[in-house]
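Counting begins at 1 with the first residue of the sequence. Because the structure is predicted, anything quoted here is derived from the model rather than measured.
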Amino acid sequence: MNSLRYILSITFFLLSTWIYANKEIDSLLNVLDHDIDNYSIYEKNKKERIENLKSMTVAPNSIDRYALNFSIYNEYKTYSSDSAFHYLYKNLALAKHLHNFTCEVETLLEEVYLLTCVGMYLEAKDMLSKIDRSTLPFSLLGRYYMYCKRLYFETGVSLPRNKHTSMHYRNIGLTYRDSILQVLSPADDAYLSEKMFQAKEIRDYQKALYWNDKRMESATFGTSFYALVTYDRSGILRTMGKDDESLYYLILSAISDVRSAIKEQSSIMNLAQIMYERGDITRANTYINFSWSVTEAYKTRMRNWRHIIPYSMINSRFQGIISKQNEKLQFYLLLITLLSFLLGVTLMYVYRQMMNLKVAKEKQQSLNKDLTVANNNFKKANLELLDSNNIKEVYISRFFKLCSTYVDRMHNFRKQVNKKLLKKEYSDLMKMTSCASDLLVTEQQELYEHFDSAFLHIFPNFVTSVNDLLLPDEQFILKEGELLNTELRICALIRLGFVKSAQIAELLHYSPTTIYNYRTRLREKALSRDVFEEKVMQIQ
């Protein structure tokens, strides 16, 4: 009798505990559903934080600018991979400009991390090969080993069908663990994380939870870090067979992912699969679609690949449920239709006619709009062609007149020389020829003025466009009455297709070395040295 009471009391206790746990999980799921519906609010807060950082004023080309760019990158690296890459490239250029080796290597390491995140493993390995580990500052060694481990682990995960190759890359990743533990401080989260996974791999789950508790001490609910720590805890508990506790922490992780508005999410995708297994297809479909949408926005190959199978499976099942509901609805609609068959047929006919008329009207309006746009484009093209022909006529006339002027000058000069020779006025002849160099300078200046005027007529905004490509302190300020200076004239010839220094030197009567030096100085003044001349050639 006593044993029966004992069994009943234990059963009642377990049942009440199970009911309480399920209520708590249901409450958390309702919170998650609410947060997903209001995701735009969290995303707005995220964007405001980023804009506040961008609005901060610091000195350009300074270490403060580097630090601010890095803060913006940290906001973007789990939100928008394209923007994160943009700020990394800005910092890389800035680090090179400041000749700061530590900042340059730090930026390259972050690029390895980001390339790994988006699934560009070959590119990440190439970037990693450019970093000489022996030259790394001690402060960056831990990060170097962590990113190496992450790269090879992710590479292994991306090859699930090739178990041998997958295990090979995972083993390479594991070789970096000892280095991480040796270099990092025991208070560092990466150190605690490695100790946690190390304990989990040898099935010492209590020790793994101990290290996870250490990480949890510095985690705040609603942050991306809290989402990561609870996600890892959920995995440990799931391995231990504690499915309810695992689900509890997985939901907390998902809520924190949504509230921190990050795009690189794993919790919700895993949660969708669990909801699918538990038969909650509606939630599974909501979660997998939300996870797919944010992952698509982040642009990561790896996450998209992992989404395909569960997305297809859950969506197919959900569509099956919708299809059955539609079948029931069609049955009820059929009953109603049979009661008013004649009226229904008449209404359907009228409705179809109205829809056909509406579609025809929309098509006609669309065609009219297209025709209007085509006519406007045709008129614009005609005007541009007419303007182009006028420009050609003007500059052909100007070129012919200029050539004629130089021919007349040469003819007059020859007549004067012949006259002096006949009269044997050699001293006057010497004076004439000695003054020829001054005349040459004058004519050369006149040629420059003709060229400047003609070029700026074709490209009236050329000087402003070039200045937009230069650093703020290096932009050109022309003197009064000056159309182009020597450096702008070189840029103008580059825009016209003269890319060789020898060609430009011949046209401007400089030595090729002088032209080369001018071009080098121009690139040094540019915002982007490597593509400066390409952008000059694209100026309209």
Side-chain angles (χ1 to χ4, degrees), residues 17-18 20-33 35-36 42 78 117 146 149-150 153-154 157 170 173-174 177 180-181 184-278 280 283-284 287-288 290-291 294-295 303 306 310:
T17 303
W18 179 80
Y20 176 78
N22 275 314
K23 284 184 177 179
E24 196 169 13
I25 287 173
D26 286 340
S27 297
L28 282 176
L29 286 172
N30 289 333
V31 172
L32 177 59
D33 295 342
D35 284 351
I36 289 175
Y42 302 118
T78 55
C117 285
M146 285 191 298
K149 178 178 178 290
R150 179 185 176 90
F153 258 72
E154 288 283 345
V157 171
R170 288 174 62 85
L174 282 173
R177 175 172 287 163
I180 294 172
L181 295 176
L184 293 180
S185 163
D188 194 295
D189 179 70
Y191 179 93
L192 299 174
S193 176
E194 289 303 320
K195 295 293 286 185
M196 180 190 71
F197 283 116
Q198 193 176 47
K200 181 183 177 184
E201 286 164 9
I202 61 174
R203 299 184 180 180
D204 188 350
Y205 300 123
Q206 294 304 321
K207 198 67 175 177
L209 290 174
Y210 166 79
W211 291 113
N212 186 266
D213 287 338
K214 287 286 187 183
R215 298 177 68 198
M216 193 75 78
E217 289 173 3
S218 58
T220 303
F221 178 70
T223 63
S224 57
F225 179 62
Y226 184 89
L228 177 62
V229 176
T230 48
Y231 179 80
D232 291 339
R233 190 177 190 85
S234 172
I236 296 169
L237 291 168
R238 189 174 181 85
T239 308
M240 295 171 67
K242 298 183 178 182
D243 292 342
D244 287 339
E245 288 185 61
S246 172
L247 179 58
Y248 174 80
Y249 283 102
L250 186 62
I251 299 169
L252 288 177
S253 176
I255 292 171
S256 294
D257 270 341
V258 174
R259 292 189 178 184
S260 58
I262 66 173
K263 300 290 187 182
E264 192 192 10
Q265 300 181 5
S266 297
S267 307
I268 296 182
M269 185 183 73
N270 290 351
L271 188 59
Q273 295 179 31
I274 293 173
M275 291 295 103
Y276 176 79
E277 292 166 2
R278 292 191 168 207
D280 192 343
R283 271 200 173 107
Y287 295 162
I288 198 68
F290 176 76
S291 181
V294 296
T295 302
R303 295 285 184 267
R306 291 175 63 187

What pairs of donor and acceptor atoms, side-chain ones from residues 194-202 against any protein atom, are under 3.5 angstrom apart with sequence neighbours left out?
| residue | atom | partner | partner atom | Å |
| --- | --- | --- | --- | --- |
| E194 | OE1 | R177 | NE | 2.9 |
| E194 | OE2 | K149 | NZ | 3.3 |
| E201 | OE1 | R177 | NH1 | 2.8 |
| E201 | OE2 | R177 | NH2 | 3.1 |

Would you call [X] and [Y] a salt bridge, using N to O less than 4.0 angstrom?
X	Y	result
K207	D204	no
D232	R215	yes
D244	R278	yes

Sidechain-backbone polar pair: S193 side chain, D189 backbone, donor-acceptor under 3.5 Å: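 No: the side chain of S193 does not pair with the backbone of D189.
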
Sidechain-backbone polar pair: S256 side chain, L252 backbone, donor-acceptor under 3.5 Å: yes

Any side-chain donor near an acceptor of the partner, [X] and [Y], under 3.5 Å:
X	Y	answer
S224	S260	no
Y231	N270	yes
D33	Y287	yes

Quick check for you: to the nearest 0.5 Å, what is the distance between [X] atom [atom1] and [Y] atom [atom2]?
X	Y	atom1	atom2	answer
M240	L209	CE	CG	5.0 Å
T78	L228	OG1	CG	11.0 Å
Y248	R233	OH	CZ	10.5 Å
I268	I36	CD1	CD1	4.5 Å

D188: partners by salt bridge (charged side-chain N to carboxylate O under 4.0 Å, His left out), with sequence neighbours left out: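 For D188, no residue satisfies salt bridge (charged side-chain N to carboxylate O under 4.0 Å, His left out) once neighbours in sequence are set aside.
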
Criterion side chain to side chain contact (heavy atoms under 4.5 Å, CB included) on M275 and L29, from CA distance to verdict: CA-CA 10 Å; M275 291 295 103; L29 286 172; 4.2 Å; yes

Closest heavy-atom pair and its distance - N212, V229: ND2-O, 3.2 Å

Worked verdict on S234 versus S246 for side chain to side chain donor-acceptor pair (under 3.5 Å): CA-CA 4 Å; S234 172; S246 172; 3.0 Å; yes

Contacts of Y226 that satisfy ring pair (Phe, Tyr, Trp, His ring centres under 6.0 Å) - sequence neighbours left out: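 Y226: ring pair (Phe, Tyr, Trp, His ring centres under 6.0 Å) contacts with F221.
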
